[in-house]
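Quick notes on the structure that follows.
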Amino acid sequence: MDLRDLKLFLHLAESCHFGRTARAMHVSPSTLSRQIQRLEEDVGHALFLRDNRTVTLTEAGERLRQFAQQTLLQYQQLRHVMDLNGPSLSGELRLFCSVTAAYSHLPPILDRFRAEHPQVEIKLTTGDAADAIEMVQSGEADLAIAGRPESLPASIDFTPLGLIPLVLIAPALPCPVRSQATQEQPDWSQIPFILPDQGPARRGIDLWFRRHRIANPQIYATVSGHEAIVSMVALGCGIALLPDVVLENSPEPVRNRVLTLENVESVAPLELGVCVQKKRLGEPLINAFWHLL
Ligand SMILES: CC(=O)[C@](C)(O)C(=O)O
């Protein structure tokens with residue numbers, strides 16, 4: 001048994017999902033399954049009860065989980081102490097954020113981090129900001145930029161980066177949606193909306209509908225990720241309510257085809273921040289990043 005086996009095991013013990021752990025740890029599912037079998041042979045007990053795709057820990061598995069957690073933490077602390085006396089931090093830090101946040105908020109943070117810790121390799125994954133907290137919880141990302149959800153999971157720590165107002169946008173080029181949306185008193189309930197499928201911005205929009213007493217909004221499409229919404233509005237498909245930073249960082253040809261109707265004050269702005277698993281704050285790389293924020 002080596003540290004790598006323990007890391008694989010610990011990830012699987014937390015994700016309870018072979019596919020997710022294999023992906024996050026960059027191994028094939030068959031390698032993962034073989035390593036776990038080898039560990040089981042080593043300790044002489046089954047560690048997981050296997051279902052089709054999901055797994056649960058056995059009692060022996062739970063014991064090994066505690067052992068693995070302590071051992072890996074001690075090893076990291078040892079490395080940290082050695083690093084304090086020797087060369088600077090090295091290793092890999094996995095970050096997750098939206099394409100927008102990678103333009104708008106990540107660059108100055110990464111610049112600072114790289115200046116202090118040039119040996120650390122940054123692995124950046126972009127995607128739907130609404131998935132950020134889950135990516136951190138599952139261990140697929142070490143840290144992520146997220147909109148603060150209505151209720152933050154107790155296991156997650158959150159450092160705010162700023163408040164992002166929502167804006168109502170419509171197509172700028174002549175089209176039926178633009179005509180409807182730019183009337184003196186638009187009937188919002190009759191105009192097609194493009195909505196994010198989940199996340200804190202979506203909750204803000206649902207609130208906006210309630211404030212405008214729209215029980216059955218016209219929904220043109222529900223999509224994942226805010227960036228795609230801007231392009232659909234630019235194409236004349238509908239209107240949308242979204243964080244202003246997404247529009248500001250859209251490519252210019254897209255932005256030029258979009259009209260901002262109003263800054264939405266009836267809905268609280270999105271609180272953008274960096275999230276991390278509290279229990280991982282002791283890890284040197286994560287700790288170093290956290291303290292630069
Ligand atoms: C939550 C977040 O990262 C943004 C910037 O608002 C977004 O991309 O939607």
Side-chain angles (χ1 to χ4, degrees), residues 93-113 122-138 140-153 156-170 193-208 219-234 237-252 254-255 258 260-277 289-290 292-293:
L93 200 58
R94 292 160 309 149
L95 307 180
F96 177 83
C97 70
S98 67
V99 170
T100 297
Y103 290 140
S104 62
H105 287 76
L106 190 56
I109 302 174
L110 264 198
D111 291 348
R112 284 204 303 277
F113 186 80
I122 302 288
K123 286 265 160 78
L124 175 64
T125 306
T126 55
D128 185 354
D131 292 333
I133 302 244
E134 207 184 300
M135 294 289 285
V136 166
Q137 273 182 311
S138 71
E140 278 170 85
D142 301 318
L143 296 130
I145 298 184
R148 190 190 184 102
E150 206 169 26
S151 67
L152 193 66
I156 297 291
D157 216 338
F158 186 93
T159 289
L161 293 176
L163 293 178
I164 315 268
L166 298 181
V167 285
L168 187 60
I169 59 171
F193 263 83
I194 299 149
L195 301 180
D197 58 356
Q198 47 154 344
R202 172 58 187 269
R203 261 196 307 280
I205 297 162
D206 291 339
L207 196 64
W208 188 88
I219 296 173
Y220 176 85
T222 305
V223 296
S224 101
H226 294 139
E227 294 81 6
I229 297 180
V230 184
S231 22
M232 290 178 85
V233 171
C237 303
I239 64 173
L241 201 65
L242 86 178
D244 68 357
V245 67
V246 179
L247 179 63
E248 282 159 16
N249 287 282
S250 294
E252 202 178 317
V254 177
R255 237 183 317 129
V258 170
T260 301
L261 294 178
E262 56 166 310
N263 277 317
V264 178
E265 272 147 24
S266 56
V267 176
L270 199 71
E271 198 178 342
L272 197 72
V274 180
C275 58
V276 68
Q277 279 191 44
F289 192 92
W290 198 246
L292 271 179
L293 295 174

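All ligand and atom numbering here is 1-based and tracks the order in the structure. All of these numbers come straight from a predicted model, not from anything done at the bench.
In this structure a side-chain-to-backbone donor-acceptor pair under 3.5 Å is present from Asp142 to Arg94.
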Next on the checklist: Between His105 and Ile164, does the side chain to side chain contact (heavy atoms under 4.5 Å, CB included) criterion hold? Intermediate values first, please.
Outcome noted: CA-CA 11 Å; His105 287 76; Ile164 315 268; 3.8 Å; yes
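Interface atoms of ligand 1 facing Gly147, defined by a heavy-atom separation under 4.0 Å, are 1 (C). Of all atoms in ligand 1, numbered sequentially from 1 with element shown, those under 4.0 Å from a heavy atom of Pro243 are 6 (O). Counting atoms of ligand 1 from 1 in the listed order, those under 4.0 Å from a heavy atom of Ala129 are 1 (C), 2 (C), 3 (O). Counting atoms of ligand 1 from 1 in the listed order, those under 4.0 Å from a heavy atom of His226 are 7 (C), 9 (O). Which parts of ligand 1 touch Leu272 is read off a 4.0 Å heavy-atom cut-off, strictly below it: atoms 1 (C), 2 (C), 3 (O).
With a 4.0 Å heavy-atom cut-off, ligand 1 is reached by the side chain of Leu270 but not by its N, CA, C or O. Proximity of Val246 to ligand 1, defined as any heavy-atom pair under 4.0 Å, is confined to the side chain (atoms from C-beta onward). Contact annotation: for Leu242 versus ligand 1, there are no heavy atoms closer than 4.0 Å.
Of the protein's non-hydrogen atoms, Ser98 OG, 2.6 Å is the one closest to atom 8 (O) of ligand 1. The protein atom (non-hydrogen) at minimum distance from atom 5 (C) of ligand 1 is Val245 CG1, 3.6 Å.
Under the 3.5 Å distance criterion, with hydrogens and angles disregarded, a donor-acceptor pair is assigned to the side chains of Asp131 and Gln198.
Aromatic pair Trp290/Phe113: centroids not less than 6.0 angstrom apart.
Contact annotation: Ile164 has no heavy atom less than 4.0 Å from any atom of ligand 1.
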